[in-house]
Amino acid sequence: MYGLWKPRVLGAWKVPATGPVIFAVNHSHNVDGPMVMGVAPRPTHFLIKQEAFVGPLGSFLTGIGQLKVDRTSADRTAITRALGVLEAGGVLGIFPEGTRGEGDFASLRAGLAYFAVRSGAPIVPIAVLGSAEVPGRLIKALPPLRSRVDVVFGDPFDAGDGSGRRTRKALDEATERIQKQLTSHLENARRLTGR
C-alpha cells in the first residue's frame, strides 16, 4: 500500500494489542479492504464476498486468511470461521454496509451486531477517506498512484448493552448503537482529515 499510494494512518494506537477485535470499515472503493490490511497494526481477516474468490485471486485471498462469504443467505460456514477468528483472539474485518456504496454507514446489515454481541469483542471503527475521490489515470478502477488515502482508526466500543442478551431486540438495539458510533467516527474523521 505504501508503495502505490501515500496512506496517512491516524489512531492506529487505539487498536487493542491483544484479544479479539472487530474492525468496522466504511466501504466506498475496492482498495479499502486491502488498504486497511496493509496499514493495520494487527493481521486482519476480512469477510469478503465469494465472487472475489476466482482463479489466482481466490487462492491468494484464502492463503492470506480472508474469509469467503455468500451474501445471498446466512452462510453458516463463514459465520463459524469468523467466530473462530474472534475466539482465537484475532481481528475480524467487516464492511457493515454489506457492499460498496457511499461509505457513509447509512444502512447497516445485522452481521456486525451479531458478531459483536455473540463474541463480546470490541468494535474499532475505521474510516477510509480519499480512495474514491478521483479515478486513477492509468487504471480507472484504482485511486491515482501516489495519492493520499487517509485511514482513521477510532476508539474501541462495545456493541452490547452489558446484559449478555442475544435476542432479536438486543441485536436491533446493538445495530442502532453501532450506527451512531460509526457515523460519529466518520464525521470526526472527515473533520480531522479535512475530507
Side-chain angles (χ1 to χ4, degrees), residues 1-48 52 57 60-61 63-67 82 85-86 88-106 108 112 115-116 119 121-139 141-159 178-195:
M1 292 298 115
Y2 286 97
L4 297 174
W5 296 282
K6 293 191 269 184
R8 180 171 60 167
V9 182
L10 305 170
W13 57 270
K14 297 177 180 183
V15 176
T18 59
V21 175
I22 299 172
F23 285 169
V25 185
N26 69 323
H27 196 24
S28 58
H29 198 283
N30 285 334
V31 80
D32 296 342
M35 183 64 70
V36 170
M37 282 188 269
V39 303
R42 294 179 60 187
T44 307
H45 304 272
F46 268 94
L47 282 169
I48 300 174
L57 178 60
F60 174 73
L61 291 172
I64 62 170
Q66 304 315 302
L67 309 171
V85 165
L86 295 170
V91 178
L92 177 65
I94 295 179
F95 299 111
E97 295 161 295
T99 188
R100 201 172 48 250
E102 294 300 314
D104 58 2
F105 297 122
L108 301 189
L112 176 57
F115 288 119
S119 69
I123 296 172
V124 172
I126 302 174
V128 180
L129 304 170
S131 60
E133 288 177 353
V134 179
R137 287 191 311 250
L138 296 175
I139 304 172
L142 295 174
L145 296 177
R146 305 304 301 148
S147 63
R148 192 181 87 212
V149 177
D150 293 320
V151 182
V152 185
F153 292 82
D155 293 314
F157 67 92
D158 292 319
I178 290 168
Q179 186 155 26
K180 286 179 186 170
Q181 290 276 3
L182 297 183
T183 302
S184 173
H185 171 66
L186 186 58
E187 289 169 2
N188 290 338
R190 286 184 172 144
R191 203 166 29 253
L192 184 65
T193 61
R195 290 189 182 253

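- Closest approach of V85 and H45 over heavy atoms only: CG1-CD2, 3.7 Å.
- The two residues A121 and V21 make their nearest non-hydrogen contact at CB-N, 4.2 Å.
- Contact between V149 and V128 at its shortest, heavy atoms only, is CG1-CG1, 3.8 Å.
- The ring pair (Phe, Tyr, Trp, His ring centres under 6.0 Å) test applied to F23 returns F153, not counting sequence neighbours.
- The side-chain contact (heavy atoms from CB on, under 4.5 Å) search around Q181 returns F157, not counting sequence neighbours.
- Formation of a donor-acceptor pair under 3.5 Å by the T193 side chain with backbone atoms of A189 is found in this model.
- Using a 4.5 Å heavy-atom threshold, the side chains of P96 and L182 count as touching.
- Interatomic distance, CG of L47 versus CG of L112, reported as 10.5 Å (0.5 Å rounding).
- Take I48 and apply the side-chain contact (heavy atoms from CB on, under 4.5 Å) test, not counting sequence neighbours, and it matches F46, A52, F53, L61, Q66.
- A 4.5 Å side-chain heavy-atom check between D32 and M35 finds every atom pair outside the cut-off.
- For V36 against V151, the heavy-atom pair with the smallest separation is CG2-CG1, 4.4 Å.
- Between I94 and V25 the shortest side-chain heavy-atom distance does not fall below 4.5 Å.
- Contacts of A116 classified as side-chain contact (heavy atoms from CB on, under 4.5 Å), with partners at least two apart in sequence or in another chain: I22, I123, A159.
- F115 and L86 make their closest contact through O-CD1, 4.2 Å (heavy atoms, listed as atom of the first residue, atom of the second, distance).
- Contact check for V152 versus H185: side-chain heavy atoms found under the 4.5 Å cut-off.
- Between the CH2 atom of W5 and the CZ atom of R146 there is a distance of 10.5 Å, given to the nearest 0.5 Å.
- Qualifying side chain to side chain donor-acceptor pair (under 3.5 Å) partners for D158, counting only residues two or more places apart in sequence or in other chains: none.
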Pair up each side-chain donor or acceptor in residues 8-19 with any protein partner under 3.5 Å, not counting sequence neighbours, and list the distances.
unit_1 : atom_1 : unit_2 : atom_2 : d
R8     : NE     : D150   : OD1    : 2.7
R8     : NH2    : D150   : OD1    : 3.3
R8     : NH2    : D150   : OD2    : 3.1

